[in-house]
Protein chains: 2
Amino acid sequence: MKPTTGFATIDWRGDVLILLDQRKLPVEETYLHCADWQSTAEAITEMVVRGAPAIGITAAYGVVLAARAADGPLEDALAPAFAGLAATRPTAVNLFWALDRMKARLAAVADGPVAEARAALDAEARAIQAEDAVMCTAMGRHGAALLPEGARVLTHCNAGALATGGDGTAVAVIRRAWRDGTLARCYADETRPFLQGARLTAWELDRAGVPVTVITDNMAGWLMAEGGIDAVVVGFDRVVANGDAANKIGTYALAVLCKHHGIPFYFVGPTSSIDPASADGAAIRIERRPDREVTHVGPTRLVPEGVPVLNPAFDVTPAALIDAIVTERGVMRAPYGPAIAAQLADVGPGERRS
Amino acid sequence: MKPTTGFATIDWRGDVLILLDQRKLPVEETYLHCADWQSTAEAITEMVVRGAPAIGITAAYGVVLAARAADGPLEDALAPAFAGLAATRPTAVNLFWALDRMKARLAAVADGPVAEARAALDAEARAIQAEDAVMCTAMGRHGAALLPEGARVLTHCNAGALATGGDGTAVAVIRRAWRDGTLARCYADETRPFLQGARLTAWELDRAGVPVTVITDNMAGWLMAEGGIDAVVVGFDRVVANGDAANKIGTYALAVLCKHHGIPFYFVGPTSSIDPASADGAAIRIERRPDREVTHVGPTRLVPEGVPVLNPAFDVTPAALIDAIVTERGVMRAPYGPAIAAQLADVGPGERRS
């Protein structure tokens, strides 16, 4: 299923997984072919593909590739693939959810013929991707309804078609508002250190004809003070039971700036990224990424050799700074505890990722 | 006069001016020799040397080099040098101040022997540098007294020995606190887009043995929320009559974050950078710098071709967010209007730069 974005982030051909190599954007649009689970896992680790839903989808196809290559009983043969794929990105809740779903599907068909089990896993991975696209569309619709006419929206990182199986989460809102005629302009934080905003969000919005301007992360406060931003719309990697949300480093500072300027701050993501088992943000473990992302850009060294750097991939925004959390099921407002419980209660047991 | 920093930003040898080439930091420590005013002017234009006080000092030595090479009456012979040096960085207030001071000195000695006039200009340029070093030391002393034991201090951009004739402004505070044993660690924002924090502040503090860690600008909020920052100390480019302050883009967002977290926010700079003629921050015109600083790092393109970017060099922090303004004359607290008027009233007319 090719999305309507003009490119395919994750293109499953039945025997090979073709991934748009996001490390090379925005300069080169090249595609990486993964023919086994190991190269699929490596692609996740190396951030060829990134974004929580896209990682989950990719991992699911990694399991299908492992099943295609496996000899003998699939449950035993696939154990290394499940373990190896799970070890790629420790904060990505969708990764574990997608792998659990594939594992459950496998358990249901493991006693039958191997060929049928392979087909079932293939269908399950395709379903995960297709369901994600449907959810993106719903998030875009719910979120766009929150924006005023002529909205100038700031986003952070990339919660777009490059991060999902569809139009994105936060970016689906921006795309939808543009199609509806309510969006005037999107501002994209460049999002150091990995520059997903400059490299990816700007690329995919520009490609879609949405007016987008890139700023460095530290310009957001200035732009808000100038009256240039009407709303901040970002994705989330994980929302816990009380509404605290983990997302790309820098998100929390944006939420504080929004509070100071009286600008609404919205999180957008699927219910599958809600983790009701964790009480609050303190439970979220923050992934630390390699120093080199901070010390270098391309071949250029920015930080003197030997000087330490920090590289937390995420931060946690407390529920008190969040004006709404948008999922495929609708818009939640504070108090988030009951809102989340009610929204998750509407979700059938087979649908919820946790 | 060689500072105690382990390197000389501006090293005057009486017949040649040796400048640390800051464009090559932090990878290479190389020095550029300027034997005439033309190469000195080019070094300022090309940002071999940067930072308002350092630019003024460098231009003053440029005048001395021009006088050494001049034939005939100095006032006529030096006119091209004054014009050429003034044209290097059109927005640098200290540049014009230093050139005016050299011009006044020249006018006072122009009727005497040329050799004596040359010596007077040489002495004046050395005095400008030496006075700047003395002011840096005083700022360091006043500012360090504000910090608690074991302070973890965040700074932004480079307000250090690389930008002044001495220990720096904000960085003088950090250096002094380290020597006094009260500083536990300095965190340096990398300071996009020009990366002065990563490239310059980290280099000079590391060289001085001060423990320094580089973070991307968008990590500051997270680090504050983690309880990792006790104070933010930054330089300023300009403070106006009511205490509003212009400094490197990103400073304002840090001040908002400090307010949210109850962390003290301090500006440090010389009284010469106070502009009592402007009533408030709205009067400050913000310089826009070239797109390429945002779109590229070294040879690496970050932003897709054709996508617009913003690049304001400065932002304005309102007085209400500032806990203290430190100058060589002492510490000012709100209300800043009367505090600034009183501090400037203490300054002799020959001392103030405006």
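In the text below, chain A, chain B and the rest are named by the order of the sequence lines, each starting its count at 1. Quantities reported herein were computed from a predicted structural model and do not represent experimental measurements.
Of the two parts of A:Leu254, neither the backbone nor the side chain holds a non-hydrogen atom closer than 4.5 Å to a non-hydrogen atom of chain B. Only the side chain of A:Tyr187 comes within less than 4.5 Å of a heavy atom in chain B; its backbone stays farther off. Only the side chain of A:Asp217 comes within less than 4.5 Å of a heavy atom of chain B; its backbone N, CA, C and O stay farther away. For A:Asn311, the parts sitting under 4.5 Å from any heavy atom of chain B are the backbone and the side chain alike. When heavy atoms are compared at a cutoff of 4.5 Å, B:Val297 approaches chain A by way of both its backbone and its side chain. Residue contact with chain B, scored on non-hydrogen atoms closer than 4.5 Å, involves the backbone and the side chain of A:Ile249 alike.
Chosen from A:Val316, A:Thr216, A:Asp315, the residue pairing most often with chain B at heavy-atom distances under 4.5 Å is A:Thr216. Your options are A:Val294, A:Val307, A:Leu302, A:Thr317, and the one with the most heavy-atom pairs under 4.5 Å with chain B is A:Leu302. Between chain A and the options B:Ala202, B:Gly298, B:Gly197, B:Pro308, the largest number of non-hydrogen pairs under 4.5 Å is found for B:Pro308. With chain A as the partner, the residue from B:Leu223, B:Val212, B:Leu205, B:Val27 showing the most heavy-atom pairs under 4.5 Å is B:Val212. Ranking B:Thr300, B:Asp206, B:Thr213 against chain A, the residue ahead of the rest is B:Thr213, based on heavy-atom pairs under 4.5 Å. Between chain B and the options A:Lys259, A:Arg199, A:His260, A:His156, the largest number of non-hydrogen pairs under 4.5 Å is found for A:His260. Of all the listed residues (A:Met219, A:Met224, A:Arg207, A:Lys248), the one sharing the greatest number of non-hydrogen pairs under 4.5 Å with chain B is A:Met219. Between chain B and the residues A:Pro211, A:Pro26, A:Gly306, the largest count of heavy-atom pairs under 4.5 Å involves A:Pro26.
Between the OG1 atom of A:Thr251 and the CH2 atom of B:Trp222 there is a distance of 13.5 Å, given to the nearest 0.5 Å. Atom CD of residue B:Glu226 and atom OH of residue A:Tyr252 lie 10.0 Å apart, to the nearest 0.5 angstrom.
Between the B:Asn218 side chain and the A:Arg192 main chain, a donor and an acceptor come within less than 3.5 Å of each other.
Evaluated for a side chain to side chain contact (heavy atoms under 4.5 Å, CB included) with A:Val214, the options B:Val309, B:Thr295, B:Leu310 yield exactly one hit, B:Val309.
When every heavy atom of B:Gly221 is checked against every heavy atom of A:Ala253, the shortest pair comes out as CA-CB, 4.4 Å.
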